[in-house]
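Proteins get letters first, then strands, A, B, ... in listed order; numbering begins at 1 in each.
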Amino acid sequence: MEFKLWPLDITYGVVGGVAEVRIFAIGEGGERVTVTDRSFKPYFYVECADCVGKLPREVEKVEVVERKFFGQPRQFLKVSTRLPEHVKTLRETFASMPGVVGVYEADIRYYMRYLIDAGVLPCSWNLAEVREVGKLGSTLVYEVEKWLGVVGGFPPQLRVLAFDIEVYNERGTPDPARDPVVMAAVKTSNGGEEVFEAVGTDDKSVLRNFANFVREYDPDVIVGYNNNGFDWPYLTERAKAVGVSLKVDRLGGQPQSGVYGHWSVIGRANVDLYNIVEEFSEIKVKTLDRVAEYFGVMKRGERVLIPGHKIYEYWRERREVLRQYVLDDVKSTYGLGERLLPFLIELSSVSGLPLDQVAAASVGNRVEWMLLRYAHRFGEVAPNRVEREYEPYKGAIVLTPKPGLYSDVLVLDFTSMYPNIMIRYNLSPDTYVQGDGWLGEIHIAPEVGHKFRASPPGFFPTVLKTLIELRKAVREEMKRYPVTSPQYRILDERQKALKIMANAIYGYTGWVGARWYKREVAESVTAFGRAIMRDVVERARELDISVIYGDTDSLFVKSGGDVERLMRYVEEKYGIEVKIDKDYKKLLFTEAKKRYAGLLKDGRVDIVGFEVVRGDWCELAKEIQLKVLEIILHSRDVQEAKRNVITYVKREIEKLRSYNFEVDNLIIWKTLDKELGEYKSRPPHLHAALILKQRGYRVGRGVTIGYVIVKGGEKVSNRAMPYIFVNAREIDVDYYINHQIIPAAVRIGQVVGVRESDFKTGEKSLLDFI
DNA sequence: GCGGCGCTACTACCT
DNA sequence: ACAGGTAGTAGCGCCGCG
């Protein structure tokens with residue numbers, strides 16, 4: 001029978017010496033099913049010239065096949081093996097055989113190989129010819145006979161479960177061997193909400209009740225916040241320590257740790273929302289409460305907040321508050337899931353990576369898995385991952401702004417410039433021409449001189465064209481639905497997923513870790529980009545349009561001139577659509593690139609690059625900088641603005657001097673980019689991190705440290721203290737005045753003539769006394 | 001021994 | 001582990017200084 005299914009998770013097992021692929025999926029009627037296939041043999045490719053050698057017995061079959069390699073037709077041996085694990089061992093065996101030139105695609109995981117070859121897309125509707133073979137627990141099992149392709153449609157109703165745990169520990173980072181899980185909270189998409197609690201310090205019931213709940217609710221998707229980094233490893237360790245089994249997957253097993261810190265719960269998609277939140281650079285401090293507020297899920301002011309190091313106190317003395325806290329956390333997590341899952345589902349479908357992996361996978365890997373699918377479709381054998389040396393190359397042009405206040409400025413944006421360049425000039429690893437051998441039509445990149453065949457269309461340009469066309473079709477389809485409909489929302493997430501994947505391809509070509517790494521391609525893309533930018537600036541000059549600033553693919557121009565003509569010029573000459581991205585009434589530049597701020601025609605204040613938008617300046621300094629900016633943007637004349645700025649900032653400085661502030665507003669947040677031992681110098685946040693470590697906290701790469709500068713004679717670094725250990729009276733207010741408030745205020749204020757000395761008149765320097 | 005200077009380390013930002 | 005370009009702070013070593 002024909003069956004339409006939406007794959008959620010995939011795994012395999014070996015039964016009777018045969019690999020069996022198992023796809024956990026949802027049918028059209030909402031039924032949960034398992035689809036199996038025992039017919040697919042693992043394989044890899046071998047390229048050889050007169051290969052000799054005895055075939056190992058793990059080899060099932062060898063065929064000579066026609067494939068392409070970087071666009072060139074070639075013959076390969078397709079070596080199929082009996083079991084997935086044989087691929088790894090045979091890879092070595094074949095590589096060392098006399099006559100073997102290369103072994104390819106031997107590092108592709110079996111179940112991914114299956115999805116790619118069968119053309120099965122996770123988180124999409126796939127049509128298959130199946131037959132029913134029985135039941136596994138309560139779900140039907142089908143055996144697939146033939147895959148009939150991907151069909152369109154919207155995702156089914158998913159059962160989602162969010163969870164969160166709280167651990168009792170008196171200092172530092174909790175230790176599963178010692179510290180009990182005193183609370184576990186769950187929230188489900190059918191409205192269920194529960195908190196499981198320990199009895200005293202006995203947490204066996206928490207673990208059991210949690211596992212029972214998961215099994216009974218039987219979720220398709222499990223979401224957590226840092227569950228890969230904390231909850232799952234902690235729960236499984238703790239379960240082992242107290243002798244409880246944590247059987248939560250769909251085959252009666254425990255969660256398993258996979259590669260790169262990802263945890264899998266077979267049959268379900270375990271998604272760590274923190275993974276995806278990490279990609280939102282506009283969120284500076286990524287604690288659950290702040291992230292939930294950012295996404296409009298729950299306001300921080302309307303929920304219970306307990307710092308991690310005080311949880312044990314609340315468990316001992318104010319348990320009902322802790323209960324509310326864990327509930328607020330799980331509600332936030334659930335809400336985040338509602339907000340983020342639709343995008344992840346589409347990203348899974350576009351990249352071809354199963355849902356539970358797509359959030360954890362890096363951008364480069366998502367692109368690579370997508371490319372592997374297209375390569376298979378085009379009959380291309382994928383190049384191997386090889387270790388390469390990093391070679392820098394020139395990037396985009398950034399114009400130098402003239403400092404000052406401008407009025408009526410338009411920002412022109414060249415849409416999808418890099419993808420368009422790649423398509424137009426056919427830039428791809430397989431179209432790259434080395435030397436002068438090629439006699440057909442070629443494109444030559446400016447400055448760098450790399451050559452590319454003009455036809456036929458290369459691998460990357462073809463993929464890009466496909467993605468752009470798909471996106472266009474999705475955007476067309478969106479018009480058929482009301483903006484507020486769920487369908488519209490899903491299609492919008494789909495077009496976003498297609499867009500970000502297309503935009504990531506240029507970066508991928510310049511990434512040394514990429515299979516299809518080709519520096520010459522990346523280098524040519526930026527070279528064409530620079531040439532276009534220079535040409536458009538020149539054209540603007542000819543048209544008497546004044547150019548104020550530009551960065552990569554945007555141009556800031558004075559409105560009033562024939563801007564439309566300039567836009568048409570770019571569209572006609574380069575085939576790149578130009579859109580007016582922003583329309584400023586007033587715009588402010590200092591002498592710095594990548595930093596500007598302005599008042600948009602719609603009344604919004606827009607700030608780019610300045611301290612206000614940076615996470616590593618304290619709230620107070622940012623708040624003051626914003627005010628200074630607003631004073632300037634809203635005043636009619638420069639002198640008045642200058643006076644008002646000075647009066648305002650002086651007042652703020654006085655407040656600080658008289659200890660009229662909140663410590664929270666003075667916290668400086670910085671992320672550790674390395675492990676503590678790898679630092680060559682001792683910056684402030686490292687100092688603060690070392691203090692945290694000394695007091696039992698686990699800190700290292702990726703952790704964001706919040707510190708304040710306290711009094712003392714030594715250098716700044718030695719006075720950086722984790723804010724949780726500091727009282728207001730210990731704060732070094734002079735540091736904040738001279739190194740946070742004044743620099744932030746002067747940076748913007750300088751445009752109307754405000755100088756550092758305007759704020760230091762009250763203070764007599766030693767020189768004055770002499 | 002110390003202040004000033006310039007370079008390096010480091011982070012976060014922009015497109 | 002998608003890219004390069006950029007601003008800015010603090011650390012740190014070096015230099016000169018009778």
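Judged as a side chain to side chain contact (heavy atoms under 4.5 Å, CB included), and not counting sequence neighbours, the contacts of A:Met533 are A:Ile397, A:Val537, A:Leu555. For A:Glu571, the side chain to side chain contact (heavy atoms under 4.5 Å, CB included) partners two or more places apart in sequence, or in a different chain, are A:Glu577, A:Val578. Under the side chain to side chain contact (heavy atoms under 4.5 Å, CB included) criterion, A:Thr704 pairs with A:Trp669, A:Thr671, sequence neighbours left out. Residues passing the ring pair (Phe, Tyr, Trp, His ring centres under 6.0 Å) test with A:Tyr735 are A:His739, sequence neighbours excluded. For the ring pair (Phe, Tyr, Trp, His ring centres under 6.0 Å) test, residues two or more places apart in sequence or in another chain that qualify with A:Tyr274 are A:Tyr225. The side chain to side chain contact (heavy atoms under 4.5 Å, CB included) check on A:Lys593 picks up A:Val398, A:Thr400, A:Pro401, A:Tyr549, with sequence neighbours excluded.
Proximity of the aromatic rings of A:Phe295 and A:Phe280 is defined here by a centroid distance below 6.0 angstrom, and this criterion is met. Taking the six-membered ring for Trp and the full ring otherwise, A:Phe556 and A:Tyr596 have centroids separated by under 6.0 Å.
At a threshold of 4.0 angstrom between heavy atoms, the contacts of A:Tyr393 are confined to the sugar-phosphate backbone, with no base atom among them. If you check every strand for non-hydrogen atoms under 4.0 Å, A:Val613 touches sugar and phosphate atoms only. Residue-level contact check: A:Val608 touches the backbone only, with heavy atoms under 4.0 Å from sugar-phosphate atoms and none from bases. Across all strands, A:Trp516 comes closer than 4.0 Å to no nucleic acid atom at all (heavy-atom distances). Within the 4.0 angstrom heavy-atom criterion, base atoms lie near A:Arg614. At a threshold of 4.0 angstrom between heavy atoms, the contacts of A:Gly513 with the nucleic acid are absent. Residue A:Tyr735 is classed as a sugar-phosphate contact, given heavy-atom separations below 4.0 Å to backbone atoms only. Among the atoms of the strands shown, only primed sugar atoms or phosphate atoms (P, OP1, OP2) are found under 4.0 Å from some heavy atom of A:Gly395. Within 4.0 Å (heavy atoms only), A:Ala504 reaches at least one base atom of the nucleic acid.
Atoms CD1 (A:Ile505) and C1' (C:dG4) sit 19 Å apart, rounded to a whole Å. Following rounding to the nearest Å, A:Ile668 (CD1) and B:dA12 (P) show an atom-to-atom distance of 12 Å. Atom pair A:Glu611:CD and B:dT11:C1' shows a separation of 13 Å (rounding to whole Å applied). Between the P atom of C:dG11 and the NZ atom of A:Lys715 lies a distance of 6 Å, rounded to the nearest Å.
Contact between the side-chain N/O atoms of A:Tyr517 and the OP1/OP2 oxygens of C:dA1 is not found at any separation under 4.0 Å. At the phosphate of C:dT9, neither OP1 nor OP2 sits under 4.0 Å from any side-chain N or O atom of A:His739. Between A:Thr552 and C:dG5 there is no side-chain polar atom (N or O) within less than 4.0 angstrom of OP1 or OP2.
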Original post:
Tell me, for nucleotides 2-10 of chain B in 5' to 3' order, what letter each nucleotide earns: B for a base near a protein heavy atom under 4.0 Å, S for only sugar-phosphate near one, - for neither?
Top reply: -------SS
Pairs under 3.5 angstrom only: tabulate donor-acceptor contacts from the side chains of residues 370-378 of chain A to other protein residues two or more places apart or in another chain.
from, atom 1, to, atom 2, distance (Å)
A:Arg373, NH1, A:Val120, O, 3.0
A:Arg373, NH2, A:Val120, O, 3.0
A:Arg373, NH2, A:Gly352, O, 3.4

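Side-chain proximity of A:Lys284 to C:dT6, B:dC13, B:dC14: nearest is B:dC13.
Of all heavy-atom pairs spanning A:Glu730 and A:Phe725, the tightest one is OE2-O, 4.1 Å.
Residues from residues 588-601 of chain A that place a heavy atom under 4.0 Å from any atom of DNA chain C, listed by number: A:Ala592, A:Lys593, A:Lys594, A:Arg595.
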